[in-house]
Amino acid sequence: MKNDSERRLFHFTIIIVLIFVVLFAQLYYLQIHSGESYKRLSEGNRTSILSISAPRGKIYDQTGEVLVSNELTYTVSLIPDEVNELDYVLEMLERILEMDKEELKEKVIDNQTDKLVRLKRNISQEELIILQENKEQIPGLIIEKIPMRKYVNDNLASHVLGYVGEISANELSNLKEQGYRTGDILGKTGLELIYEDYLRGERGRQQVEVNSLGQQLRVLGVEEPAPGDDLILNIDYQLQQTTEELLANKIRAIKEELEDEEHPPIGGAVIVTNPKNGDVLAMSSFPDYNPNLFSTGISRTDWEHLATDIGRPLLNRVVNTSAPPASVFKIVTAAAALEELGISGDDKFYDPGYYELAGTRFGNWYSAGQGEIDFVDSLAWSNNTVYYELGHELYKQDQTILQWYARQFGLGEKTGIDLKNEAEGLVPDPDWRRNYFQSIEDRIWYPGYTINLSIGQGNLRVSPIQLINVMNAIANDGKIYRPSLADKVVEQDGNVVREIEPELITELSLSEETIATIKEGLEGVITYGTARNNFVEMPISLAGKTGTAQTGRNNPNHGWFGGYAPADDPEISIVVFLEYGISSGNTLPIVEGIMQEYFDLEDVDIEDKEG
Amino acid sequence: MTTPLTQGGVKGFVNKLIKQIDYLIPLTVIVLVIIGVTLIRSATFINGAAFLENPFLQRHSASILIGSVGLIFSLFFDYRALRNYSKVIYVGNILMLLSVLVLGQSISGGQRWIRFGLISFQPSELAKLAVIITLADLLAKEDYDVSQIKGLIVPIIHVAIPILLILAQNDLGTSLVVVATFVGMIYIAGANPKLLLGVGLGGLVTSIVWVTTHLYWEVPIPLQTYQLNRLLVFIDPYFDPLGSGYNLIQSKIAIGSGQLWGKGLFGGSQNQLRFLPERHTDFIFSVLGEELGFAGAGATLLCYFILLWRGIKVAEEAKDEFGRLVVVGILSMFAFHVLENVGMTIGIMPVTGIPLPFLSYGGSAMITSLLAVGLIININMRRKKMLF
């Protein structure tokens, strides 16, 4: 019995020893054998610095209406360091987010500067729920609430405001020193791009505890981001909206009236400014787009849709296109003739219906001819014959004098408005012809070119924003202020960071008589000339000039109008451009609608007075 | 029945005690308790708070004090006196466990606590000691031949009642402790090793089959979801990495990253950054492994080993069968606690919520453990060679 008892206690001892051997062995395995890798894990188990995107500054119109703001949205991000099986995780995300796996992989691989890769912005409620449910199976997954750019009125002023997007690899390499990182959002076009430095704000940081599974446990410290500065525009929200509606409705109306074989108008542009300081009150380009599409990262189909649309909805036709201005250019020719040829307003001319030069006949739009006509009336009636003759006279005096005047008005160069990629336009002259063409025949400047130029045809190219400068020069007695969309930049607490003062670009050396004569002609256009039918009942006086530009054999004409009101003391200047808009007559109802809105006039049915 | 007081007064008793006892036993316990206090301080560290401003340390120190006083006081009484009260202890224990089910408070999945005014007590802790004493008494009577299956029936019923009551509190861990204690004691009492091995293996196979069939064919199983998950994550911690597997993964990271020398007291990132769950109670060993490394954890294991080894010596020299069985029961209990608790923190045992003796925060367990050591010392000082 005693022996048995001792034997059993011995067995008991052996079991105890075995237990401790096993414990020691596993402890050795964990701490000594694998200690190094567990140490790495525990270091990854500590803290991680994540950046907090700053909300961009808001954009307001001149009345305080919010045009662009920010909305908090859920964004899916990944910490690649925490992911062991990238392919597996990406496959899961591909299914949940309905995004291409390769596209996701590219994002992860391209990521070099930040710990966090933003995979998809503004996920839906449904996606959010699915992700939350599967979070445990996706190590390294982080769902953040971050501000997303919100264009309050969707398409409104889309070309002016521009859009934002994720920084591209190219932009990143250029902007790295300014603190940009992968996944940052920046202005790509429009005011978003021009005022990027003010709008972007300063990123904040937060220190979070992240465990070895990439799960965010808690926030240890937050350095709040500094929101961007707000931008206040000269744009008037109401006027902008009306302008856009008028433009879009008119273009659609023209399209509807067209016969099948006829070429429809493609787009149009309207700009309204204050001639006394260059403030842009409205700027619309048709067709437009919804910049909100870009805020979340535009989808491939949406992008293809925008990029292949023949109307080129992303193009700002006010600033980034140029076309022959046709008869609106007669303002420039008139100024040159009054200054250089010693002509006065009541000088008489004779129009047989054409102007002949060396056997070539340059025809008037009224082929029977208007007979005897004085200078002011020739502008009001847009008589081509008179301007051919004036152009030829100017050519005989100096081959480039008319071009010199055109440039004085700011044509052929950028206006310097606060938008990118402005069209320079073209003022053709002998030098240009010599440099531009190959064949000897083409490189010669013939007097016929100047004759064509005098009525705004030929190779002359003018953008609507340049033409507003021409109108402003007349309206403001020779002074041209730089067109400007933004009024000021304001900090969150209301401090003005930067006031954008009116900037006088140039003051034309035109005599008072010259300007007065042109003004008389432009008022005549409205009261008894080419545009007489549209503004009979308008209580506010308007001055302006129509233009119908020929564009080639098979294409319809461009329609133009440039003007200002009230004629005696202009508050606004207006340019309307209808690309392939058939006739300048189509621009007039738009002008009328703008006048009604701006001067708060009773709504008169536009359709009644057409034709 | 004589008490030492009648034979030589307190002074003589103390002299004999100091001469007779194996000082390694109280010494290792003191070392373990000090390690425990230090680790709890680190695990519940409050910046700027003095030692006793920390509420965990206040309660822990109080438990140590109560347990130590109880331990020393118990030494004045011959352990054999307990046999007279065996029935009372058994019935009292059952009543206590029943009262938990009726009055008890639920803490993280288990209904194990009972309140007496300000003090919460966990009767299942003391129940382990009660089972050991009463079972030792039962087996020492030699009324039953435990080498035969027939002879095991009464002892099995004897422990099955408290085990079932403890299971009813959802305390799987403590039930297993009692089972392990029972196995250790009946083996020493002469149970057939082949039988024990067979039952053990049979139980293991049954459990595996049961869990498997439950998973695949939804055969009913008397386990809570969290208990089942703990078993499953033991097989693969990444089965539920942020749920049941989380503790295990974090614990292994903590211990592994401690390497040879550890990150230093208060220097464990897993511990200080609160990654470790239950770090002052069930996962105190993880804090130990992280902050004091293989050296500290190994030294602590060595302390346990010394305690058990010296305990076996006490069992060998015990004056009677009852004493031997009590010591073996207590040693089995300690050994199972260490195996299960340390084993789960290093990933070789499934997670069950049982504390590490002398180290974990928890008053009932501390007092129970100290009283258990008191019994060992009691038996040690009244061993055969000691003449009263």
Side-chain angles (χ1 to χ4, degrees), chain A residues 1-47 82 84-85 134-139 141 207-218 220, chain B residues 184 187-191 193 238 240-243 245-246 249-263 268-270 273-275 285 289-290 293-295 297-298 301-302 304-305 308-309 311-313 315-316 321 324 328 331-332 334-336 338-339 342-343 345-348:
Chain A
M1 189 66 209
K2 187 162 187 208
N3 275 343
D4 182 57
S5 179
E6 272 175 7
R7 193 168 51 86
R8 283 173 184 263
L9 270 176
F10 179 65
H11 293 162
F12 187 78
T13 313
I14 289 174
I15 289 171
I16 301 285
V17 170
L18 279 177
I19 287 173
F20 279 83
V21 167
V22 169
L23 292 179
F24 263 103
Q26 173 70 359
L27 208 53
Y28 179 87
Y29 174 78
L30 286 181
Q31 298 191 289
I32 309 297
H33 177 267
S34 310
E36 204 52 54
S37 71
Y38 278 113
K39 193 168 175 74
R40 271 197 305 279
L41 270 176
S42 83
E43 275 156 6
N45 222 352
R46 304 182 76 165
T47 59
E82 308 288 353
N84 295 324
E85 295 171 68
N134 290 285
K135 220 172 148 188
E136 294 172 5
Q137 290 165 53
I138 312 175
L141 181 84
Q207 190 181 24
V208 293
E209 246 174 58
V210 180
N211 65 20
S212 58
L213 302 163
Q215 188 199 24
Q216 189 174 323
L217 295 181
R218 66 176 172 152
L220 297 173
Chain B
Y187 181 66
I188 298 300
Y238 289 89
D240 184 13
L242 297 179
Y246 181 79
I249 294 166
Q250 293 300 330
S251 171
K252 281 169 88 170
I253 291 172
I255 294 172
S257 64
Q259 294 181 289
L260 180 58
W261 297 110
K263 299 172 186 170
S269 57
Q270 304 298 104
L273 288 170
R274 313 286 192 257
F275 282 111
F285 193 80
E290 181 179 29
F294 184 70
L301 281 185
L302 205 62
Y304 283 114
F305 184 74
L308 292 170
W309 167 51
I312 291 167
K313 207 91 185 133
E316 270 173 10
E321 184 68 5
R324 178 175 17 256
V328 167
L331 297 183
S332 303
F334 283 156
F336 188 81
V338 173
L339 169 69
V342 175
T345 64
I346 58 180
I348 58 173

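Note that the structure is a prediction, hence the values are computed from the model and not measured. As a basis for the values below, the full set of heavy atoms in this structure was taken, side chains included, without hydrogen atoms, waters or symmetry mates. Letters A, B, ... are given to chains in the order of the sequence lines, protein chains preceding strands, and every chain is numbered from 1.
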### Message
Is Y28(A) in contact with chain B via its backbone, its side chain, both, or neither, using a 4.5 Å heavy-atom distance?
### Response
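It is both, since atoms from each part get that close.
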### Query
Where does F24(A) contact chain B at under 4.5 Å (heavy atoms): side chain, backbone, both or neither?
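Its backbone and side chain both get close to chain B.
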Inter-residue atom distance [X].[atom1] - [Y].[atom2], 0.5 Å rounding:
X       : Y       : atom1 : atom2 : answer
S37(A)  : I253(B) : OG    : CD1   : 9.5 Å
I312(B) : T13(A)  : CD1   : OG1   : 3.5 Å
S34(A)  : K252(B) : OG    : NZ    : 9.0 Å
F12(A)  : E316(B) : CZ    : CD    : 11.5 Å
L308(B) : I15(A)  : CG    : CD1   : 12.5 Å
L260(B) : I32(A)  : CG    : CD1   : 4.5 Å

### Query
Hey, does the side chain of R8(A) reach the backbone of A191(B) with a donor-acceptor pair shorter than 3.5 angstrom?
yes
### Task
For the pair Q259(B) (side chain) and Q31(A) (backbone), establish whether a donor and an acceptor sit closer than 3.5 Å, ignoring hydrogens and angles.
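Not a single qualifying donor-acceptor pair exists.
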### Task
Determine, stepwise, if the pair V342(B) / Q26(A) fulfils side chain to side chain contact (heavy atoms under 4.5 Å, CB included).
CA-CA 10 Å; V342(B) 175; Q26(A) 173 70 359; over 6 Å; no
### Message
Please find the pair of heavy atoms, one from L27(A) and one from G298(B), that lie closest to each other, and give the distance.
### Response
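Scanning both residues completely, I find the closest heavy atoms to be CD2-N, 4.1 Å.
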### Query
Does atom NE2 of H11(A) have more than 12 heavy-atom neighbours, drawn from other residues, nucleotides or ligands, at distances under 6.0 Å?
yes
### Task
Mind ranking A297(B), A335(B), P193(B), G262(B) by heavy-atom pairs under 4.5 Å with chain A and telling me who comes out on top?
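Top option by heavy-atom pairs under 4.5 Å: A297(B).
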#### Entry: chain A contact via F285(B) - which portion, at a heavy-atom distance below 4.5 Å
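Contact with chain A involves the side chain of F285(B) alone.
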### Task
Walk me through it: do V338(B) and F20(A) pass the test side chain to side chain contact (heavy atoms under 4.5 Å, CB included)?
CA-CA 9 Å; V338(B) 173; F20(A) 279 83; 4.2 Å; yes
### Message
Heavy-atom pairs under 4.5 Å with chain B - which of I16(A), I19(A), L23(A) has more of them than the others?
### Response
L23(A)
